[in-house]
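Inspection log for the structure reproduced underneath, given as structure tokens.
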Amino acid sequence: MEAVLFFLAAIACVAGAIGVVAARNPFYSVLALIAHLFSLAVLFLLLTSAFVAAAQVVVYAGAVMVLYVFVVSYVGSAHEAKWDPVPGQRLFAGLLAFFLFVEISSAVLSSALKALSTHGPDVPAGFGDPAAIGNLLLEKFLVPFEASSVLLLIAAVGAIVLANRKRQGEALGASK
């Protein structure tokens with residue numbers, strides 16, 4: 001049963017990641033990212049990391065994705081961006097995807113499927129508990145943790161400022 005749940009979550013994870021990249025509408029891309037993050041939480045639960053799975057859902061799929069949805073809704077315009085592809089880009093992307101598929105397939109077939117029947121790694125009793133993770137975040141990784149939150153805030157404020165400038169420029173152009 002665990003193996004079936006693992007493969008379903010892994011397929012959902014890959015499908016969500018492909019949906020993020022393939023969706024032309026940014027709103028659908030954010031929704032695919034939310035599905036991807038929820039399937040990652042299932043994978044964390046299968047690794048008996050309940051705290052990391054809960055943090056994944058609450059912090060990333062909850063708070064950060066709500067922020068992304070608001071920013072995309074606020075910044076989004078009715079016009080699709082005009083994009084001129086680089087010559088040969090589609091061929092290069094196809095070749096890159098093919099070679100990546102071959103590499104991942106050879107890695108999975110050579111080693112990963114052999115580990116399905118094993119018990120997995122032996123983890124000490126206190127590994128991954130909230131106290132240990134809190135100590136790491138607030139002592140060893142405090143600066144990167146806070147820097148990432150400030151970076152997300154700057155990105156959201158910058159997107160809103162740019163959207164306001166664009167709207168004001170369109171309003172000035174329409175009033176002429």
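Nothing fancy with the numbering, it's 1 onward along the sequence.
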Mind checking whether [X] and [Y] sit in one hydrophobic cluster, side chains of I, L, V, M, F, W, Y counted as touching below 4.5 Å?
X: V42; Y: I11; value: no
X: L43; Y: F7; value: yes
X: L40; Y: L31; value: yes
X: F44; Y: Y60; value: no
X: L5; Y: L37; value: yes

Once you round to the nearest 0.5 Å, how far does [atom1] of [X] lie from [atom2] of [Y]?
X: L100; Y: S105; atom1: CG; atom2: OG; result: 9.0 Å
X: I104; Y: F99; atom1: CD1; atom2: CZ; result: 14.0 Å
X: L45; Y: E2; atom1: CG; atom2: CD; result: 11.0 Å
X: F101; Y: S106; atom1: CZ; atom2: OG; result: 10.0 Å

Let me know which of L142, L136, L137, N135 forms a side chain to side chain contact (heavy atoms under 4.5 Å, CB included) with E139. N135
Minimum heavy-atom distance between [X] and [Y], given as atom pair plus value:
X: S39; Y: A9; answer: CB-O, 3.6 Å
X: L33; Y: M65; answer: CD2-CE, 3.4 Å
X: S29; Y: V20; answer: OG-O, 2.8 Å
X: H36; Y: A17; answer: ND1-N, 3.8 Å

With side chains defined as the heavy atoms from C-beta onward, is the minimum distance between L152 and Y68 less than 4.5 Å? yes
